[in-house]
Amino acid sequence: MKCMSIELKREFIERLREELPYAKVIVLNYEDVLVEIPPTKLRETVEIVQNRFKCLLRTCAASDEREMNKSFAMYYIFGNDSLGLNIIVKTMADSENPVLPSISDISFAADWCELEAYDLMGIRFSGRKLYRFILPPSWPEGLYPLRKDVKYPLRVKASVTGERIGLTREAEAQILVPLGPYHPALHEPEYFELLVEGERVVGLVYRGFHVHRGIEKIAEVKLTYDQIPFLAERICGICGFTHSTAYCQAVEKAAKIDTPERAQYIRSILLEIERIHSHLLWIGVVCHILGYDAGFMHLWRIRERVMVLAEKLTGSRKMYSINKIGGIRRDIDRDRVKEVQETLSKLKKEFMSIIDVITSVPEIVKRLKGTGILPRSEALKYAVVGPVARGSGLKRDVRKDYPYAAYREVSFDIPVYTEGDNLARFLVRVEEVKQSIAIIEQLLDKLPGGPICISRVSVPEGIIAVSATEAPRGENVHFIITGRGRPYRWRVRAPTYQNIPALNVMLKDTPLADAPITIASIDPCFSCTDRIIVVDVKTGRRRVLVSSVAGGVLSHG
Amino acid sequence: MFRKEIVIPTNITFILILVPLYLVLTLLLTFFIILGIMGFRQICSLAFIIIMIIFTQGVFVVIPTLCSNPFSIVGSMREIALMIVNEVAVVVSLALLAFYVKSLNLVDITLLNYTPSYILLILLIMIAMYVLTGRIPFDIAEAEPELASGILIELSGPLLGLYIYGNLIKRFAVSLLTSFTLLAPLLNGFNTVLVVSISLISSILIWILHTMVAVVLARSRVDLAPTTLFKIFLGLIVVSVLLRYCGL
């Protein structure tokens, strides 16, 4: 099977070379292929890769490579899920006047990362509207924080200003309903402005990035390879371990490190524990949003078992912090294995009985069924990931498509529902909890002996690698270019970043009452998506900056 | 809440009259129901209770409608949509009660027996009264997730306090009316003090029952709740009347 897959990958790469004669195709490793092209061929290449090679855009990353080759670089990371192959399309932009053609009209998933590259790296994209996306309006013009010549820490004068979001009422009957930035239905600061006619949402605008933390910059200038897993884990308060795993895997791939088998197993076990507690949290939140607080409380009650389990295994309820380059730093002993098995057995029974009760509440089913629909075609267009994709009929799961850690060693199903509504996404997550329990049981049964970490790690410079993990919310991508002692470029793309734009489809022309549940149905994690806030390191004081320009308008065109 | 400052929503000074009025109306409603149970036939007829309920609900919904806050407006519109169905059911059910007992006096329903038509009527009253309490699944006017408390959003401090007390008193009044309607055939021949005492105690049980129902159900939606209620109410009314017509 593995040989067949390698053969298919070879054939694929040969075809790529034939279809893109102008490109320099370099095989980086068993999973990543670098395709270097001139900027003039970018749009053509993207169309070919996307349409003929059936690849979906996973993310794109801008990089300041003026020190290396006197230009900026833009990396578009496409994935062929059926082969488990990343096609990294690289193109260069002039160092003085960095302009590239936009591909956001061909690939919707490129919309946000182009704006981010414009905002943080100063690369302009022709053929599309550009606007401040992440940085506040008071940020000085021409100062791009991710450029290498911008030193860290950098303090700029900031002012607090009001914000005018783009929507305007077209009729008297329409009402602008703000959802956020602080709102009972949103557990993190984000802003949705809904234009409502009667009870139907007829337009919306999303404005995010209120809590950007500058994680990528800190990693690129301050921390070392070994310190970054701690930072990566703090990207998200729910699924942090998946981030540190993705980061470590990216570095391990770049450095060609063979992580010990036992470490791979323990990573997978913890990733599944993280998925279970995240999904239990989410299902509880859904119950709360739908006014069923009894379900919310019971789910969070049984979730507590999982949190305690995580604490016993790692020493921490949430920030496990056991990942390091080349393995993990804490082992699991036999007593713990037994405890995990017993806890999971109880959890499974309780979970199923609670779910049976929840799905018997008529309002829950009525409000989830047929609401927030994301058709399969739209899901493909936005290249959505995780339960959102699987709820819309896309069988995408990094654990199967790009197997990592110990997922090759276990058998499990990927739940897929074709309805594309909130109920489908709910059921996907319910099924995933069951699958995760089964995965952990299998991993514990097969847990091999041996070391949990390799002793010496050496990371060569200038190597490109992409690593992805299946976070509870979907595909989590970490792109890395290695540097001296730390990454030269580290780009994180959280699943919510990929899924939020699809809310434009899911929320339009739906009842206002369904807006919170539809937003929640993507299980948004805004702290994953946002990565910069202005923090005074001396005083620890935080300043939240407010934009005065229109934010990220969800609609295209 | 009563120790905090009074904040009047923009341009609505007469909210200072409406909110206390709501509280007074709910108190009066409760008072008249108790008097009705006690058998004050002259002033506490079923017709009077119907009028009181309509007035109370009218003031309840007018307050948020006057606020310019979108959440408040959307919430009040939802409440009106629900009221259009539920108020009709309340009026019809109490009118049917009067028709079945052939009297406008509340205390006279103790003369009824648990006939199938009356049991359906009790069911109708119980549902309509439950909707009046504004509990889940019918709390759509103040649905927190999308409306951030909707009809309550512009109220704070003492005004919010009065409004909430008004709501609590209304809940007690409807619990009392429900419990009396439910137990009336059993109370025939009891002395007034005992009838009132049993009704008051059982109204606490009804309150607990309402709370339990709210716990096991989830929030409905403005397009679902009125249509579902309409179908249920219509069915109960028609069947009850038919059964009565058949002498059952």
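Here is the naming used below: chain letters follow the sequence lines, and residue numbers restart at 1 for every chain.
Ranked by heavy-atom pairs under 4.5 Å with chain A, the first of B:Leu224, B:Leu217, B:Thr228, B:Ile136 is B:Leu217.
Side chain of A:Thr510 to backbone of A:Leu507: a donor-acceptor contact under 3.5 angstrom is found. Although no hydrogens or angles enter the test, the distance criterion places a donor-acceptor pair under 3.5 Å between the side chain of A:His277 and the main chain of A:Ile238. In this structure a side-chain-to-backbone donor-acceptor pair under 3.5 Å is present from A:Asp421 to A:Gly370.
Residue pairs that meet the salt bridge (Lys or Arg N to Asp or Glu O under 4.0 Å) test with at least one member in residues 282-305 of chain A, sequence neighbours left out, are A:Arg301-A:Glu350, A:Glu304-A:Arg317, A:Arg305-A:Glu350.
Taking non-hydrogen atoms and a 4.5 Å limit, the residue list of residues 123-133 of chain B in contact with chain A is empty.
Cation-pi check for A:Lys434 over A:Phe351 is not met; the charged atom does not lie both under 6.0 angstrom from the ring centroid and within 45 degrees of its normal.
A salt bridge is defined here as a Lys NZ or Arg NE, NH1 or NH2 lying under 4.0 Å from an Asp or Glu carboxylate O, and A:Glu363 with A:Lys366 fails to meet this definition.
Contact of B:Val215 with chain A is made through backbone and side chain together, with heavy-atom distances under 4.5 Å.
For B:Tyr22 and B:Tyr163, the distance between ring centers is under 6.0 angstrom.
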